[in-house]
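Remarks on the structure that follows.
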Amino acid sequence: PESDSELNKRLEIEALITQNVDQHIALDVLIKLSLSPHGLVNDNIRRVLWPQLAGVDINRLERAPSLDALQNHPEYNQVVLDVNRSLKRFPPGIPYEQRIALQDQLTVLILRVIKKYPNLRYYQGYHDVAVTFLLVAGEEVAYAIMEQLSTTHFSECMQETMEATQRRLMFIWPVVKFENPELYTFLQKSTVGTLFALPWYLTWFGHSLNSYKSVVRLYDYFLASPIYTPIFVTAAILLYRSNEILKEECDMASVHCLLSRLPENLPFEELLKTSSKLFDKYSLSRIEKDVDELIRNENEKRQEEEKLILERRRKISRPVTAGRNLGLSQWLPNVLTSKSVLVTTAVSIVVGVCAYYYKNQYLAAGIS
């Protein structure tokens, strides 16, 4: 049901739309409407205004080719596989025939973009973005929007490797550090990294939220905002959850599990206000300078660790004195004590569990 404030905003937007024969709203007004509480309110309005926000001319749309015409594309099988996994993104109770038709449209939409721009690489999670625009705006408009966003907002994510994206995610840390040093120190000490936020960034939270209303509200906000705004929304979420995070055990697995599960009741209107304030408060150049220093410190730490490892190896490989020179048969029993076997076994189990856990996390994030 529509709240009173949603009703008032919907009526305001509808009045602005009907004032113009072509239904266009001045871009500065449209941006303010999209950023302010409730965004564009409902999908009927979004169908009209999302193309305008994305810079798409609906009078110059390209006709979609058939699915058969795209089956030879090298990414075809992967795209079909991902689209078939996206059942939860379709409206509940949708008739089977309609869902199959939408899945085919989604497959065509994605393949059209990466065929037109061969320098862009499809990533798993891209379909989560595309399906949102497909459900709201229809096949041809959704394609035009995705073409525009793929060459702007998502171009960094569509490079040959995820290196640039991983670096961009590190922009979260300076913002958190500036606002809450205690939280920043805790998260760095836990060595949690930024993997938890990867699906948020790659899919504009579409993969990670169950609430369709929250997803399209975020898309209003992101379409009307600068390219890297999802970073500031992520920082706002971490800051909002700071008390909950600081109560957690300070280790990587515990913190990652906590952060990767987004609560259903997040107050997104409040978080978007915080995000906008953070974006205005901290320039990207200031954040980037801090990230460069963080990367430099991490590299130095890694080099020191590698140096220590090499030094240990050298000590181990040094020839022992004649008095201590034991044959292999004499040496093994001393090494393979019950305690050492238990320790080795425990380490192996931990490594195996971590490998299994992170494999699943990468798959959940849409990365193979």
Sub-4.5 Å side-chain heavy-atom contact between R217 and E269: yes
Is it the case that atom NZ in K88 sees more than 12 heavy atoms from other parts of the structure closer than 6.0 Å? yes
Rounded distance [0.5 Å steps], NZ in K301 versus CG in N297: 10.0 Å
Are L169 and I295 connected in the hydrophobic side-chain network, where two residues link if heavy atoms are under 4.5 Å apart? yes
Interatomic distance, OG@S190 vs CD@E248, rounded to 0.5 Å, equals 10.0 Å
What heavy-atom pair brings R85 and Q78 nearest, and what distance separates the two atoms? NH1-NE2, 4.5 Å
Hydrophobic clustering (ILVMFWY, side-chain heavy atoms < 4.5 Å, transitive) - are L11 and L49 grouped together? no
Rounding to 0.5 Å, atoms CZ (F196) and CG (L262) come to a distance of 9.5 Å
By side-chain hydrogen bond (donor to acceptor under 3.5 Å, both in side chains), which residues pair with S285, not counting sequence neighbours? S283
Can you measure from CZ (F232) to OH (Y221) and round to the nearest 0.5 angstrom? 9.0 Å
Test side-chain hydrogen bond (donor to acceptor under 3.5 Å, both in side chains) applied to W200 - qualifying residues, sequence neighbours left out: none
With the side chain counted from C-beta on, respond yes when I114 and L111 share a heavy-atom pair under 4.5 Å apart, and no when they do not. yes
Atom pairs and distances, side-chain donor-acceptor, residues 21-34, under 3.5 Å, sequence neighbours left out:
| from | atom 1 | to | atom 2 | distance (Å) |
| --- | --- | --- | --- | --- |
| D22 | OD1 | H24 | N | 3.1 |
| H24 | ND1 | D22 | O | 3.3 |
| S34 | OG | L30 | O | 2.9 |

Can you find a pair of side-chain heavy atoms, one from E311 and one from K307, that are under 4.5 Å apart? no
Are any of the side-chain heavy atoms of Q98 and F90 separated by less than 4.5 Å? no
For atom CD of E163, decide whether the heavy atoms of other residues, nucleotides or ligands shown that lie under 6.0 angstrom number more than 12. no
Apply side-chain contact (heavy atoms from CB on, under 4.5 Å) to the pair L187 and W173, showing each step before the final yes or no. CA-CA 9 Å; L187 291 171; W173 298 135; 3.6 Å; yes
Heavy atoms only: give me the nearest L266-P263 pair and the separation to one decimal. CG-O, 3.6 Å
Can you name the residues that form a side-chain hydrogen bond (donor to acceptor under 3.5 Å, both in side chains) with D292, not counting sequence neighbours? R167
Pairs involving residues 225-239, ordered by first then second residue, that meet side chain to side chain donor-acceptor pair (under 3.5 Å) (sequence neighbours left out): R168-Y228
Stepwise side-chain contact (heavy atoms from CB on, under 4.5 Å) check, Y184 with Q188: CA-CA 6 Å; Y184 170 79; Q188 291 300 302; 3.5 Å; yes
Measuring only between side-chain heavy atoms, which start at C-beta, is I231 closer than 4.5 Å to I287? no
Side chain to side chain contact (heavy atoms under 4.5 Å, CB included) partners for T185, two or more places apart: none
Which pair of non-hydrogen atoms, one from L183 and one from L238, has the smallest distance, and what is that distance? CD2-O, 3.5 Å
Are more than 12 heavy atoms from other residues, nucleotides or ligands located less than 6.0 Å from atom CD1 of I58? no
E300, CD atom: more than 12 neighbouring heavy atoms under 6.0 Å: yes
At their closest point, which heavy atom of L195 faces which heavy atom of P199, and how far apart are they? O-CD, 3.6 Å
Answer yes or no: is there a side-chain heavy-atom contact under 4.5 Å between L35 and L272? no
Using modelled atom types only, decide if a donor and an acceptor are shared between the side chain of S214 and the backbone of N210 within a distance under 3.5 Å. no
Does the K9 side chain pair with the main chain of V41, one donor and one acceptor, at a distance under 3.5 Å? no
Can any side-chain N or O of D220 pair as donor or acceptor with the backbone N or O of L40 at less than 3.5 Å? yes
Could you state the interatomic distance from CG (L7) to CZ (R10), rounded to the nearest 0.5 Å? 5.5 Å
So, using side chain to side chain contact (heavy atoms under 4.5 Å, CB included) as the criterion, who are the partners of E182 when residues are at least two apart? N180, L246
May I ask you to test the Y219-I145 pair for a side-chain heavy-atom distance under 4.5 Å? no
How long is the span from the OG atom in S276 to the NZ atom in K281, to the nearest 0.5 Å? 14.0 Å
Using the rule given for side-chain contact (heavy atoms from CB on, under 4.5 Å), can you reason through L209 versus F268, listing the C-alpha separation, both sets of side-chain angles and the distance that settles it, and then say yes or no? CA-CA 12 Å; L209 291 172; F268 275 108; 3.8 Å; yes
Partner residues of T151 under the side chain to side chain contact (heavy atoms under 4.5 Å, CB included) criterion, sequence neighbours left out: Y117, L120
Quick one: does N42's side chain have a donor or acceptor within less than 3.5 Å of a partner on I45's backbone? yes
Please evaluate residues D82 and I110 with respect to the criterion side-chain contact (heavy atoms from CB on, under 4.5 Å), reporting the C-alpha separation (whole Å), side-chain torsions for both, the decisive distance (0.1 Å), and the verdict. CA-CA 11 Å; D82 291 343; I110 293 169; over 6 Å; no
Can you give each donor-acceptor pair under 3.5 Å made by side-chain atoms of residues 125-140, sequence neighbours left out, with the distance rounded to 0.1 Å?
| from | atom 1 | to | atom 2 | distance (Å) |
| --- | --- | --- | --- | --- |
| Y126 | OH | S150 | OG | 2.6 |
| H127 | ND1 | G125 | N | 3.4 |
| D128 | OD1 | R89 | NH1 | 3.4 |
| D128 | OD2 | H207 | ND1 | 3.3 |
| T132 | OG1 | R89 | NH2 | 2.7 |
| T132 | OG1 | D128 | O | 3.1 |

Would one find more than 12 heavy atoms of other residues, nucleotides or ligands at under 6.0 Å from atom CG of D280? yes
Given the rule in the side-chain hydrogen bond (donor to acceptor under 3.5 Å, both in side chains) test, do R296 and N299 qualify, once you have shown the distances and angles that lead to the verdict? CA-CA 5 Å; R296 188 165 53 250; N299 287 338; over 6 Å; no
Same apolar cluster: L284 and V175, side chain cutoff 4.5 Å: yes
Residues two or more places apart in sequence or in another chain: which of them pass side chain to side chain contact (heavy atoms under 4.5 Å, CB included) with T165? C157, M162, L198, Y201, L202
Could you tell me if the side chain of R314 sits less than 4.5 Å from the side chain of L310, heavy atoms only? yes
Less than 3.5 Å apart, which donor and acceptor atoms pair up between the side chains of residues 60-74 and the rest of the protein, not counting sequence neighbours?
| from | atom 1 | to | atom 2 | distance (Å) |
| --- | --- | --- | --- | --- |
| E62 | OE2 | K116 | NZ | 3.1 |
| S66 | OG | A69 | N | 3.3 |
| D68 | OD1 | Q71 | NE2 | 3.3 |
| H73 | ND1 | E75 | N | 3.0 |

Nearest heavy-atom approach of A235 to L278 is CB-CD1, 4.3 Å
Do the charged groups of R46 and D43 touch, with an N to O distance under 4.0 Å? yes
On a heavy-atom basis, the closest approach of E6 and S3 is OE1-N, 2.9 Å
Please name all residues satisfying salt bridge (Lys or Arg N to Asp or Glu O under 4.0 Å) with D104, sequence neighbours left out, ordered by chain then number. none
